[in-house]
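Values below: every heavy atom of this structure, side chains too, minus hydrogens, waters and symmetry copies. Model, not experiment: these values are computed from the prediction.
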Amino acid sequence: MSDITQAPTVATDVEDRQIKLVKMAGFGAGEKSTVAISLATALAILLLWWLISALGFVPHLFLPRPDEVLTQMGVIYRDGYAGASLSEHVSASLFRIVVAALIAISAGIPLGLLMGLNRWAKGVLDAPIEFYWPLPPLSYLPLMIIWLGIGETSKITLLVLAMIAPICLSAQAGVRSLPIERVNAARSLGGGRLQLFLDIVLPSALPEILTGIRIALGVGWSTLVAAELIASTRGIGFMIMSASQFLATDVVFVGIAIIAICAFTFSAGIRFLETFLVPWKGKL
């Protein structure tokens with residue numbers, strides 16, 4: 001009798017030992033950090049740059065060595081360039097890009113959300129945005145000078161026009177990508193219009209909005225050089241253009257490096273915000 005009672009227990013133990021957990025296969029780039037790969041790539045590029053310059057494959061006038069660029073950066077930091085210190089040049093550019101970004105974000109996000117929610121707003125705003133968005137900023141730079149003069153207003157306006165379109169279109173795309181099932185579920189639970197917007201629409205569109213802001217900041221930094229062509233005496237773009245006229249290639253590389261550092265810092269800041277504002281991104 002006891003043997004019959006113990007038999008199911010033994011069978012169950014055997015079945016438990018045979019259960020194995022299977023780990024799901026990854027897809028895409030995965031979740032592992034790529035910092036080491038990026039650092040190795042950067043070092044390889046610097047080494048290749050140094051070899052090409054040191055071995056004379058490219059004339060020294062056009063491609064100085066990395067250590068010479070670092071030395072020139074120290075000289076500019078100590079003595080300044082074109083009648084202004086390095087901090088004054090960087091501060092002038094940061095002021096223009098930050099003010100333009102704040103204006104573009106505060107205007108572009110509401111317009112994009114409105115375009116995604118209302119077909120009349122989309123019909124009215126879509127045509128002008130799609131018309132000027134592909135145009136390079138240099139094409140309407142003369143109009144900025146004619147209409148707004150050569151002061152800070154024309155420079156900031158040029159940057160705003162370059163940055164507002166990707167923010168607006170990304171906000172619209174975020175609303176358009178919202179599953180209708182989620183909206184209907186919220187309505188069935190008694191959610192009002194404001195609650196539906198704050199709890200469903202805005203959080204769903206936020207990942208696209210943050211991506212659009214990152215793209216807009218990249219476009220803004222690339223437009224900065226053009227914006228600072230307008231009778232500027234301060235700014236990183238002015239420093240680059242002034243140095244290029246005298247074939248001071250090392251100074252040009254210093255300006256490019258400063259813009260790259262600033263742009264990377266801004267982009268890293270947006271990615272840091274993503275970890276707090278949209279922690280579910282890429283996990284659903």
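Judged by distance alone, with hydrogens and angles left aside, the side-chain atoms of Y132 form a donor-acceptor pair with the main-chain N or O of L161 at under 3.5 Å. In this structure, S177 contributes its side chain and A173 its backbone to a donor-acceptor pair below 3.5 Å. Between the side chain of S242 and the main chain of M239, no donor-acceptor pair closer than 3.5 Å is present. A donor-acceptor pair under 3.5 Å is absent between the side-chain atoms of E130 and the main chain of A127, judged by distance alone. A distance-only check finds a donor-acceptor pair linking the side chain of S244 to the backbone of M241 [under 3.5 Å]. Between the side chain of S93 and the backbone N or O of V90 there is no donor-acceptor pair closer than 3.5 Å. Side chain of K155 to main chain of I150: a donor-acceptor pair is present (N/O by atom type, distance under 3.5 Å, no hydrogens or angles).
The two atoms that bring S139 and P136 nearest to each other are OG-O, 2.5 Å, heavy atoms only. Between P137 and A162 the shortest heavy-atom distance is CG-CB, 4.3 Å. Between I259 and V225, the shortest heavy-atom contact is CD1-CG2, 4.3 Å. Shown here for G108 and I164, the closest heavy-atom pair between the two residues is CA-CG1, 3.8 Å. The two residues A82 and F238 come nearest to each other via the heavy atoms CB-CE2, 3.8 Å. Among all heavy-atom pairs drawn from I167 and A216, the shortest one is CG1-CB, 3.6 Å.
Ring to ring, Y140 and W147 are not that close: their centroids are 6.0 angstrom or more apart.
Connection of L178 to L202 is established within a shared hydrophobic cluster, with ILVMFWY side chains joined at heavy-atom distances below 4.5 Å, either directly or through further cluster members. Cluster membership for L135 and I146, using ILVMFWY side-chain heavy atoms within less than 4.5 angstrom, is shared. Transitive grouping of hydrophobic side chains (ILVMFWY, heavy atoms separated by less than 4.5 Å) brings L94 and L158 into a common cluster. Criterion: ILVMFWY side-chain heavy atoms under 4.5 Å apart, direct or through other members. Under it, L169 and L159 are not part of a common hydrophobic cluster. One hydrophobic cluster, built from ILVMFWY side chains closer than 4.5 Å, holds both L102 and I270.
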Let's go through F197 and L113 carefully: what are the C-alpha distance in whole Å and the side-chain angles of both, what is the deciding distance for side chain to side chain contact (heavy atoms under 4.5 Å, CB included) to 0.1 Å, and is it a yes or a no? CA-CA 10 Å; F197 175 77; L113 293 174; 3.8 Å; yes

Pair I156, F95 - check side chain to side chain contact (heavy atoms under 4.5 Å, CB included), show working. CA-CA 9 Å; I156 293 175; F95 171 78; 4.3 Å; yes

Is there a side chain to side chain contact (heavy atoms under 4.5 Å, CB included) between T211 and S170 once you walk through the steps? CA-CA 7 Å; T211 301; S170 65; 5.9 Å; no

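Scanning for side chain to side chain contact (heavy atoms under 4.5 Å, CB included) contacts around L138 gives L141, A226, L229, with sequence neighbours left out.
In this structure the side chain of S267 never reaches within 4.5 angstrom of the side chain of L217, judged on heavy atoms. Looking at I215 and P166, their side chains come closer than 4.5 Å, going by heavy atoms from C-beta outward. M73 places none of its side-chain heavy atoms less than 4.5 Å from the side chain of R78. The shortest distance between side-chain heavy atoms of W120 and L114 does not fall below 4.5 Å. For the pair R271/R214, a side-chain contact is recorded, criterion being any heavy-atom separation below 4.5 Å from C-beta on. In this structure the side chain of I145 never reaches within 4.5 angstrom of the side chain of S154, judged on heavy atoms. In this structure, the side chains of W221 and I97 come closer than 4.5 Å at one or more pairs of heavy atoms. Residues I258 and L86 meet the side-chain proximity criterion, which asks for heavy atoms closer than 4.5 Å.
Ion pairing between a basic and an acidic side chain is recognised when a charged N comes within 4.0 Å of a carboxylate O; E228 and R234 show no such pairing.
Atom CZ of F264 has 12 or fewer heavy atoms from other residues, nucleotides or ligands within 6.0 Å.
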Kindly list each side-chain donor-acceptor pair under 3.5 angstrom involving residues 50-66, sequence neighbours excluded, with atom names and distances?
{"from": "S53", "atom 1": "OG", "to": "L63", "atom 2": "O", "distance (Å)": "2.9"}
{"from": "S53", "atom 1": "OG", "to": "R65", "atom 2": "N", "distance (Å)": "3.4"}
{"from": "H60", "atom 1": "NE2", "to": "E68", "atom 2": "OE1", "distance (Å)": "3.3"}
{"from": "H60", "atom 1": "NE2", "to": "E68", "atom 2": "OE2", "distance (Å)": "3.4"}
{"from": "R65", "atom 1": "NE", "to": "D67", "atom 2": "OD1", "distance (Å)": "3.1"}
{"from": "R65", "atom 1": "NH1", "to": "E68", "atom 2": "OE2", "distance (Å)": "3.4"}
{"from": "R65", "atom 1": "NH2", "to": "D67", "atom 2": "OD2", "distance (Å)": "3.2"}

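Note that CD1 of I76 and OG1 of T71 are 11.0 Å apart. Values are rounded to the nearest 0.5 Å. A distance of 4.0 Å separates CE of M115 from CD of Q172, quoted to the nearest 0.5 Å. The CD1 atom of I236 sits 10.0 Å away from atom CZ of R96, with the distance rounded to the nearest 0.5 Å. Between the CG atom in L196 and the CG atom in L117 there is a gap of 9.0 Å [rounded to 0.5 Å]. Atom-to-atom distance recorded for L148:CG and T157:OG1 is 5.0 Å, nearest 0.5 angstrom. Between L70 atom CG and D250 atom CG the span is 11.5 Å, to the nearest 0.5 Å.
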